[in-house]
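Comments concern the structure below.
Since the structure is predicted, the reported quantities are computational estimates derived from the model, not experimental observations.
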Amino acid sequence: MARSYIPIEIERRVRKDAQNRCGYCLSPQRLVMARLEIEHIIPIAKGGSNDESNL
């Protein structure tokens, strides 16, 4: 399945709210060797959306 488009402003707010850390282990982005992905709480395939509250 292709990655769904998340508007850049929403992506910026999600990253800011997470303080650029992994949501699971809380590692900061600067220590991770790849760009952190933004995950959906409810997957798109299960009816979730790209709404900020679902990211």
Side-chain angles (χ1 to χ4, degrees):
M1 176 180 265
R3 182 172 185 259
S4 60
Y5 174 74
I6 299 172
I8 192 71
E9 279 304 313
I10 290 178
E11 182 175 339
R12 285 182 183 148
R13 285 195 302 263
V14 169
R15 289 185 187 281
K16 183 180 176 194
D17 288 347
Q19 298 176 344
N20 282 315
R21 294 178 173 268
C22 173
Y24 300 108
C25 68
L26 301 179
S27 293
Q29 174 65 64
R30 64 185 167 78
L31 296 180
V32 179
M33 299 304 287
R35 185 158 170 85
L36 292 170
E37 293 286 327
I38 294 180
E39 304 265 339
H40 293 82
I41 296 168
I42 300 171
I44 297 289
K46 297 288 184 179
S49 69
N50 284 335
D51 186 62
E52 192 170 344
S53 64
N54 191 46
L55 301 172

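- Nearest heavy-atom pair, Gln29 versus Arg35, reported as atom, atom and distance to 0.1 Å: NE2-CA, 3.7 Å.
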Please determine whether side chain to side chain contact (heavy atoms under 4.5 Å, CB included) holds for the pair Arg15 and Leu36, giving the CA-CA distance in whole Å, both sets of side-chain angles, and the decisive distance to 0.1 Å.
CA-CA 9 Å; Arg15 289 185 187 281; Leu36 292 170; 4.1 Å; yes

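- A search for side-chain contact (heavy atoms from CB on, under 4.5 Å) contacts involving Asn54 returns His40, Ile41, Ile42, Ser49, not counting sequence neighbours.
- The hydrophobic cluster around Tyr24 extends to none of the other residues, as no ILVMFWY side-chain heavy atom falls under 4.5 Å of it.
- Atom CD1 of Ile38 and atom CD1 of Ile6 lie 5.0 Å apart (nearest 0.5 Å).
- We find the CE-OG distance between Met33 and Ser27 to be 13.0 Å, quoted to the nearest 0.5 Å.
- In terms of the side-chain contact (heavy atoms from CB on, under 4.5 Å) criterion, residue partners of Arg12 (sequence neighbours excluded) are, by chain and number, Ile8, Glu9.
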One pair to check against side chain to side chain contact (heavy atoms under 4.5 Å, CB included): Asn50 and Ile10. What are the steps and the verdict?
CA-CA 9 Å; Asn50 284 335; Ile10 290 178; over 6 Å; no

